[in-house]
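Remember, predicted model here, so these are calculated numbers, not experimental data. Numbers restart at 1 for each chain; the letters A, B, ... are given by sequence-line order, proteins then strands.
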Amino acid sequence: MAESVQSTSEAQGRYNPAEIEPKWQARWDADASLYAAEGHSGDGEARAKPKFYCLEMLPYPSGQLHMGHVRNYAIGDALARFMWMRGYNVLHPMGWDAFGLPAENAALKNDTPPAEWTLANIAAMRQQMRRMGLSYDWATEVTTCLPEYYRWNQWFFLKMYERGLAYRKKSKVNWCPQCATVLANEQVVDGRCWRHDDTLVEQRDLTQWFLRITKYADELLDGLDKMDGWPEKVRTMQRNWIGRSEGALVDFAVSESSEKIAVFTTRVDTIFGATSVQLAPEHMVAKGFAASDAALAGQIEEMLAQQKAARESGDLGAIEKHGVDTGKFAINPFNGELVPIWVANYILADYGTGAIMSVPAHDERDFEFANKYGLPVRRVIVPRDKNRQQQDQERNAGVLRSAQNDNVSVENPVEQLPYTAKDDAVLIDSGQWTGESCIEAQKKMAAFAKANGFGSATVTYRLKDWGVSRQRYWGTPIPMVYCTNGHAGTEPGGVVALPESALPVLLPAQVKITQQGGSPLGRVADFVNTACPVCGGPARRETDTMDTFVDSSWYFYRYTDAKNSAAPFDSAKANYWFPIDQYIGGVEHAILHLIYSRFWTKAMLDLGLIANDEPAARLFTQGMVIKDGAKMSKSKGNVVSPDLMIERYGADATRMYALFAAPPDRDLEWQEEGVAGISRFLARVHRLTMKYAATAKEGVGADAAAEAKLLRTLHQTIAKITADFSGRWHFNTCIAAIMILVNEVAAAEPPMDAGNISGPVIAEVFRNLTLMLAPFAPFLAAELWQALGGEGAVFRVAWPVADAELAREEEMEIPVQCNGKLVTVIKVPVGSDAATIQAAALADAKVAARMEGKNVVKTIVVPGKLVNIVVR
RNA sequence: GCGGAGGUGGCGAAAUUGGCAGACGCACUAGCUUGAGGUGCUAGCGCCGCAAGGCAUAGGGGUUCAAGUCCCCUCCUCCGCACCA
């Protein structure tokens, strides 16, 4: 009986996260002020503190947190807690990217309305986040599917419409048959839907709403240069996506016709080397030729069919270049030459003008194509080298050569073709521009084309306007109507913007979700039929909804003023908090969310709502969480559930493992044994601290050396972690450093309460250990803080400051090498000079043995580092 | 093909500036302890070797007293882009 009582009390004293974590969670839930940002308006006391806006990307409420979320939030939470302890006024919010297709799919499957399903998922995930102990200010929570939020999407849409930033046009758009909706270019990956990598995207001609992101193309591009707080990888991806290209448009007239073919080229300086014009198979002029040429029409059809097949098989790159001669000719406006017009499969319809001038001598692709079809290759660019230039001009004068018989590189000191350089290269055989440098010629020739009305210098972008119409139900209704009869000055069915007073346009409830094409809203008569706000006559509402990336483009501004019902947010509040000091999320949003939200920020700046021109000063992209070497996925069956980990080891151990197993930017291999290891470590800290708290705290400090050593380790640990939070973010080594400290405390354990470490010193060690644990294991830190008699919340206690004097080593080990190989390690006082170290090294017996019978050639002594004796 | 990140024990990793390679943890081995259930403690743990010693950071070359780290070449993995005129 007595034994069982004792074992129960022992069990209670043991580290039991299942007991302490819910206890603290309940207390934190009851105290709304704990994680609340102070002074949203930036007034009062908060002004005295520097602000810090710490943000993790908001999740889609699927209903389940996954390990990627856990890792993302563990990083952000550690940073937020650290910044609080450093005395910052921290904004650390969370919200829900709550519109989107999965809710409709769930509705189809379970017959649950999307709103109900989504809100239930949010409740479940919010609870998971609380269980994780994440320090969010729930008073600022944002849920994008609620009218309080999405009415501001509509408001922004109207503002953009007023300024011509939102417009409607008919064009080829990407259609995902799985989603039964249109996608933006950014949402098409390798010709497939970003959500369905087994579903090919189709092209459809539809009239859609677009946002004019291209207006900001240059700003978006140039801004990247200054964004040194963003990973170079993301900046590079965005630069490639924007794809700015400077060149010229030149019109080639079609011979014996009034038609013209505009070509885009970045190398107008090579135009005297053009030996054909190549059209994309979709080009209008090609279609025109095909209309009266059945054979050509058939070949173009075949070309398009092949491209489609290649897209389906996924290896678009493997497709061989081929083309067909249309039999027609175009006139080179610079020299009046007739060149054949071909249709070729390597010409992209949606880049530039869908037509090029082919210059085989100075372009890899044109060269390959000309070789295949025996088209002439004419050299018009040579390196800037007088002799070579002269030699070349003589050889080339007036000669058109085919690729096959041009063996220039074998016997003649002439560049291998194609020669694509433009720096330090000059023109030959190019009329009045012969002898000009390529760079100069480009400017002069574009100006010439402009002066003579057949072209101009121009800039093209790969970036296209953002198509935001979605033929889906669960999204923000677009606040536009079509006036059925048309009032004064407008067409019947013309577009009419709703006035602001008509917002929000509410998404109707009780809508039948189907997988058919066309927005489900189109089948809701009550919604569709409305009155024209201008003439009062009958009108039809726009039934498409907005891309959900609209929601996430500005949500982080709403956090600064989440309850505002008169405006999306108060500018003064946003201006206090912005830019985001640290944004943390996955790299998969590099050219989706992260480019759209930069665009939105620039548009809001132009609307006068904010003062910053970029949303986030610093961006961190964490690595993936993998298992058995592969990304976790249901199909691979290697998903590890955060709930299960928390149940077995506690939230502290789960989060801390996510930070310990790898540096945060690298991929992390999830190993459950590792979580168990962290759990044992936390149990050890708990046991040591509780034992200390329960025993004598007064010691006599008998062992000064042991005390100095412990203090040294303590202050080295503080210094390391403090530096890492503002620098490398290598939390794995931060946690390793804490483990080293704990190992030293444990080594001192038997005598520590008996008195060989004095009371104030051991108190200092436990106090600071607890503080350093707080960002990584908040539940345990709170528990220990209380046991140690700490006042208030541990997360508001000032972060410890490292004392460089206490951290300083007295003695250090210096490796001694002979010929670069380690012989021994000697101990010398820190700061010893070279002579002292050398003397100590030479006095060592092992060193002497090594040197016996040999001559010392050289001795290298690097104070504080090593000694290397070179002998022969 | 182009661009980026990587390649270090059985595993996750460390080495921030060219200066003891493998900190910290996992797994494993041995011993002690505990004893109804992921317990605690001690010791060992890169490879070869009884040892002395030798070898080792994808592979090869180079610079240097000294290279995981700098330079050149090659191979492999992952990510992004991919006929962008």
Rounding to an integer number of angstrom, what distance separates [N] and [M] when you compare their [atom1] atoms?
{"N": "G31(B)", "M": "G25(B)", "atom1": "P", "answer": "23 Å"}
{"N": "C72(B)", "M": "G80(B)", "atom1": "C1'", "answer": "27 Å"}
{"N": "A13(B)", "M": "U8(B)", "atom1": "P", "answer": "9 Å"}
{"N": "C2(B)", "M": "U64(B)", "atom1": "P", "answer": "32 Å"}
{"N": "C28(B)", "M": "C76(B)", "atom1": "P", "answer": "36 Å"}
{"N": "G4(B)", "M": "A52(B)", "atom1": "C1'", "answer": "48 Å"}
{"N": "C11(B)", "M": "C20(B)", "atom1": "P", "answer": "24 Å"}
{"N": "G40(B)", "M": "A58(B)", "atom1": "P", "answer": "35 Å"}

May I ask you to say what [X] touches in the nucleic acid, namely base, sugar-phosphate or nothing, with a heavy-atom cut-off under 4.0 Å?
{"X": "A661(A)", "answer": "sugar-phosphate"}
{"X": "Q278(A)", "answer": "nothing"}
{"X": "D366(A)", "answer": "nothing"}
{"X": "D667(A)", "answer": "sugar-phosphate"}
{"X": "I740(A)", "answer": "sugar-phosphate"}
{"X": "K720(A)", "answer": "base"}
{"X": "F681(A)", "answer": "nothing"}
{"X": "G243(A)", "answer": "nothing"}

Nucleotide paired to [N] in any strand shown, Watson-Crick or G-U, under 3.5 Å:
{"N": "A85(B)", "value": "none"}
{"N": "G9(B)", "value": "none"}
{"N": "U57(B)", "value": "none"}
{"N": "G38(B)", "value": "none"}
{"N": "C45(B)", "value": "none"}
{"N": "U17(B)", "value": "none"}
{"N": "U69(B)", "value": "none"}

Between [atom2] of [N] and [atom1] of [X], the distance in whole Å:
{"X": "F725(A)", "N": "U16(B)", "atom1": "CZ", "atom2": "C1'", "value": "17 Å"}
{"X": "I678(A)", "N": "A27(B)", "atom1": "CD1", "atom2": "P", "value": "12 Å"}
{"X": "E672(A)", "N": "G25(B)", "atom1": "CD", "atom2": "P", "value": "20 Å"}
{"X": "I626(A)", "N": "C11(B)", "atom1": "CD1", "atom2": "C1'", "value": "12 Å"}
{"X": "F369(A)", "N": "A85(B)", "atom1": "CZ", "atom2": "C1'", "value": "14 Å"}
{"X": "Y346(A)", "N": "A85(B)", "atom1": "OH", "atom2": "P", "value": "13 Å"}
{"X": "L822(A)", "N": "A67(B)", "atom1": "CG", "atom2": "P", "value": "13 Å"}

Spacing of [atom1] belonging to [X] relative to [atom2] belonging to [Y], to within rounding of 0.5 Å:
{"X": "W342(A)", "Y": "F369(A)", "atom1": "CH2", "atom2": "CZ", "value": "5.0 Å"}
{"X": "I213(A)", "Y": "I242(A)", "atom1": "CD1", "atom2": "CD1", "value": "8.0 Å"}
{"X": "F660(A)", "Y": "N732(A)", "atom1": "CZ", "atom2": "CG", "value": "7.5 Å"}
{"X": "I261(A)", "Y": "M284(A)", "atom1": "CD1", "atom2": "CE", "value": "12.5 Å"}

Nearest to the side chain of [X] - [options]?
{"X": "T265(A)", "options": "A13(B), C24(B), A85(B)", "result": "A85(B)"}
{"X": "Q671(A)", "options": "G12(B), A14(B), A85(B)", "result": "G12(B)"}
{"X": "V825(A)", "options": "C20(B), A85(B), A15(B)", "result": "C20(B)"}
{"X": "V870(A)", "options": "A85(B), C41(B), C65(B)", "result": "C65(B)"}
{"X": "A736(A)", "options": "C24(B), G3(B), A14(B)", "result": "C24(B)"}
{"X": "N345(A)", "options": "G3(B), A85(B), C83(B)", "result": "C83(B)"}
{"X": "I347(A)", "options": "C20(B), A27(B), A85(B)", "result": "A85(B)"}
{"X": "N868(A)", "options": "A13(B), G19(B), G25(B)", "result": "G19(B)"}

N/O donor-acceptor pair, side chain K858(A) with base C65(B), under 3.5 angstrom:
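It does not, because no donor-acceptor pair links the side chain of K858(A) to the base of C65(B) below 3.5 Å.
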
OP1 or OP2 of [N] versus the side-chain N and O atoms of [X]: is any pair under 4.0 Å?
{"X": "T733(A)", "N": "C24(B)", "value": "no"}
{"X": "K233(A)", "N": "C81(B)", "value": "no"}
{"X": "N240(A)", "N": "C2(B)", "value": "no"}
{"X": "N732(A)", "N": "A14(B)", "value": "yes"}
{"X": "R680(A)", "N": "A27(B)", "value": "yes"}
{"X": "R684(A)", "N": "C41(B)", "value": "yes"}
{"X": "R462(A)", "N": "C83(B)", "value": "no"}

Aromatic ring pairing F264(A)/Y351(A), orientation class (parallel under 30°, perpendicular over 60°, tilted between)
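The rings of F264(A) and Y351(A) stand perpendicular, inter-plane angle above 60°.
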
How are the rings of F725(A) and F731(A) set to each other: parallel, tilted or perpendicular (split at 30° and 60°)?
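Tilted: the ring planes of F725(A) and F731(A) meet at 30° to 60°.
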
With RNA chain B as reference, determine whether E669(A) or A737(A) sits nearer its 5' end, using the nearest nucleotide of each.
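Nearest-nucleotide comparison on RNA chain B picks E669(A).
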
Taking syn as any angle within 90 degrees of 0 and anti as the rest, which one fits G9(B)?
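Syn, since the glycosidic angle lies within 90° of 0.
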
Residue among D363(A), V359(A), I381(A) satisfying side-chain contact (heavy atoms from CB on, under 4.5 Å) with R267(A)
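Answer to the side-chain contact (heavy atoms from CB on, under 4.5 Å) test with R267(A) among D363(A), V359(A), I381(A): I381(A).
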
Can a cation-pi geometry be assigned to K321(A) and Y346(A), taking NZ or CZ under 6.0 Å from the six-membered ring centre and within 45° of the ring axis?
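Yes; both conditions hold, so K321(A) lies above the ring face of Y346(A).
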
Can you see whether R684(A) engages N743(A) through a side-chain donor-acceptor pair at a distance of less than 3.5 angstrom?
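A pair is found: one side chain offers a donor N or O, the other an acceptor, under 3.5 Å apart.
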
For L688(A) and V745(A), which heavy atoms make the closest approach, and how far apart are they?
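Taking every non-hydrogen atom into account, CD1-CG1, 4.4 Å.
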
